[in-house]
Amino acid sequence: MNSKKSLGMVLKTLAITGSLTAASLSFASTLTVSSPQDPGSWDPIDTFLVNWASVATNIYDGLTYRGPDLKLQPGLATSWEQLDDGKRIRFILRQGVKFHDGEDFNAAAVKFTFDRLMGDEGKKGPQRSNYSAIDSVEVINDYTVDFHLKAADPVLLTKLAGYGAMIVPPKYIQEKGEDFFNTHPVGTGPFKFASYEPKVGIKLEAYANHWGGAPKLTNLNYRFISEPSTAVAELQSGRVDLVIPPTIPIGMITTIEKDPNLKVVTTISPTVYALRFNTKNGITKDEKVRKALIYGVDRQAIIDSILGGQAAQITSFQSAISFGDDPSMTPLPYDPNKAMQLLKEAGIKPGTKIQIDIRGNDATFNEVSQAVASYLQIVGLNATIKPYETNVLLNDIIPAGKTGEMFQQSWGGWTLDYDNTAYFMYHTGEKWNPYDSDPALDKQLESQRSITDRAKREEILQSIAHYTANRALEMPLYSLNAIFGVSKRVKNFTPVPDSRLRLTDVTVE
């Protein structure tokens, strides 16, 4: 071969290689997401946090999956059948699926996941009681499992689509240990773990062998930015492509919308906000006082003036899209005279102090709580606000019963079923119910869990909503839309009501 021809072939080869490299690079894309909170552990049984699910929905799969349309569909199970009057569910599992570490997904992995959840390890976290209907998981063959239930659970199939029910790898956990798994998660989802820096961020990479197809993104990075103004500034600068709820304060929506490179995307959400009462200690031990506080605050005015139309008033601790909401219920009206009358009847002197505990990084709710405090001042109470770092409030203060008279409770209600809220909020002994014990309420909560008759179950859930409202266990405030700040470089983004973002189809230009 002469030198000219040889040189020509070399140059042609280099050109082809270069074009392939350029093409490969052109398809490589990274989405950077601002999340307001580091959950602290990536183990599915360790958390209840929406901000965990916003990340982990991309790392893990459940047996079922619920997409943005809120319809339940196959996940790691291709089909299921309810047997024995709902007390047994048979799942046919998806074949050929591997965990990110190469381990096979099969019936043994499903059994391991739920034995672990319902066993000693699960006792340490908040998820176990959500799946308490499960008695045992039986392996029928490598790709068939039977769930044997203590009682029928009409919400279980939805629960299997998230949080504690995410399927985990047995060998990996057994070999690496629980602590390692907390910070080095492995699942079967469309993105695999790359690195994690506590309080800073977590980085994921596309998992090309995902059973649902490879993601269009190459990298998915999450940055933990608790300060809303910082998150918005990073979005404006282009260092962040997407800011997820509940970061964006209502007051910053206009700022984002004025930027030609950004947009605000909102959708209805099951997320609700309330100020719950300490029913065990202090002046809020008295039901009459609790009702006085509700009468004393104009919640609709707060929604109109602070939340800019992005919220709706609630009468119980659930949104309008929750199964169990009773649209005929009406909230206690704003009536400061009635509030002062009830306080006087309860023997509460003017100037009595009352403490409101809130999450310090929630700018919007900070404004809301300031307004609540102002209204309570009008009816003669000296209301003060005590902000906490979110994880401290949620993990140390509320569960230990160390709050003031009122404390912020935000709840995702991701199953769109009131049971998932009410049982955790009101049943005796639950983590989010540190103060109250009501045998009659416990009985109602327990009774509806095993009823498969949808109409009868809805009747009981609505009765629970009325009962808790009559006892004034919280000051119900509002359900807030899910608000996303999005760079216009981001394409194919679909907002989801429950913030469980699956970013498989998203691209970045």
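Applying the salt bridge (charged side-chain N to carboxylate O under 4.0 Å, His left out) criterion to Glu121, with sequence neighbours excluded, gives Lys124.
No more than 12 heavy atoms of other residues, nucleotides or ligands sit less than 6.0 Å from atom NZ of Lys280. Summarising the local packing, NZ of Lys353 is surrounded by 12 or fewer heavy atoms from other residues, nucleotides or ligands at distances under 6.0 Å. Other residues, nucleotides and ligands place more than 12 heavy atoms under 6.0 Å from the NZ atom of Lys431.
Asn481 contributes atom CG, which lies 5.0 Å from atom OG1 of Thr266 (distance to the nearest 0.5 angstrom). Within the model, atoms CD1 of Ile45 and CZ of Phe181 stand 8.5 Å from one another, a figure rounded to the nearest 0.5 Å. Rounding to the nearest 0.5 Å gives a distance of 4.0 Å between CD1 of Ile398 and CG of Leu393. In this structure, Thr247 OG1 and Ile244 CD1 are separated by 6.5 Å, a value rounded to the nearest 0.5 Å.
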query = Would Thr255 and Glu257 satisfy side chain to side chain donor-acceptor pair (under 3.5 Å), going step by step from the backbone distance to the final call?
reply = CA-CA 6 Å; Thr255 301; Glu257 289 179 331; over 6 Å; no
query = For Asp304 and Gln300, what are the C-alpha separation, side-chain angles and deciding distance, and is it a side chain to side chain donor-acceptor pair (under 3.5 Å)?
reply = CA-CA 6 Å; Asp304 294 339; Gln300 188 59 52; 3.0 Å; yes
inquiry  = Quick one, Asn361 with Ser226, criterion side chain to side chain donor-acceptor pair (under 3.5 Å). Give me CA distance, side-chain angles, the key distance, then yes/no.
reply    = CA-CA 6 Å; Asn361 70 333; Ser226 61; 4.9 Å; no
task = Run the numbers on Asp38 and Tyr196 for side chain to side chain donor-acceptor pair (under 3.5 Å), then give the verdict.
result = CA-CA 10 Å; Asp38 178 357; Tyr196 168 54; 2.8 Å; yes
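Listed for the Lys123 side chain is no donor-acceptor partner under 3.5 Å among the backbone atoms of Met118. Looking only at distances, no side-chain donor or acceptor of Thr352 sits under 3.5 Å from a matching main-chain atom of Ile348.
Between His100 and Tyr207, the two ring planes are perpendicular [angle over 60°; tilted spans 30° to 60°]. Taking the six-membered ring where tryptophan is involved, the planes of Phe114 and Tyr131 are perpendicular, since the angle between them exceeds 60° and thus also 30°. Taking the six-membered ring for Trp and thresholds of 30 and 60 degrees, Phe365 and Tyr478 have ring planes inclined between 30 and 60 degrees apart.
Between Lys159 and Asp153, at least one side-chain N (NZ, or NE/NH1/NH2) sits under 4.0 Å from a carboxylate O, which counts as a salt bridge. Looking at Glu234 and Arg239, a side-chain N of the basic residue comes within less than 4.0 Å of a carboxylate O on the acidic one, giving a salt bridge. Contact check on Arg500 versus Asp498 returns a salt bridge, with a Lys/Arg side-chain nitrogen under 4.0 Å from an Asp/Glu carboxylate oxygen. Between Asp43 and Arg116 a salt bridge is recorded (basic side-chain N to carboxylate O distance below 4.0 Å). A salt bridge links Arg449 with Asp419; the closest basic N to acidic carboxylate O contact falls under 4.0 Å.
Neither side chain, Ser479 nor Ser319, offers a donor N or O lying under 3.5 Å from an acceptor on the other. With 3.5 Å as the limit, one finds a donor-acceptor pair spanning the side chains of Ser410 and Gln408. Using a 3.5 Å distance cut-off with no hydrogens or angles, the side chains of Thr279 and Asp436 do pair a donor with an acceptor.
Between Asp438 and Arg471 there is a side-chain heavy-atom pair separated by less than 4.5 Å. Looking at Glu287 and Asn470, their side chains never come closer than 4.5 Å, going by heavy atoms from C-beta outward.
Under the side chain to side chain contact (heavy atoms under 4.5 Å, CB included) test applied with Met406, the options Asp357, Leu293, Asn278 reduce to a single match, Leu293. Put simply, the residue from Val97, Thr188, Leu63, Asp61 that forms a side chain to side chain contact (heavy atoms under 4.5 Å, CB included) with Ile167 is Leu63.
Ring centers of Phe484 and Phe493: under 6.0 Å apart, within the cut-off.
Figure legend: cation-pi geometry between Arg276 and Tyr435 absent, as NZ or CZ is not positioned both under 6.0 Å from the six-membered ring centre and within 45° of its axis.
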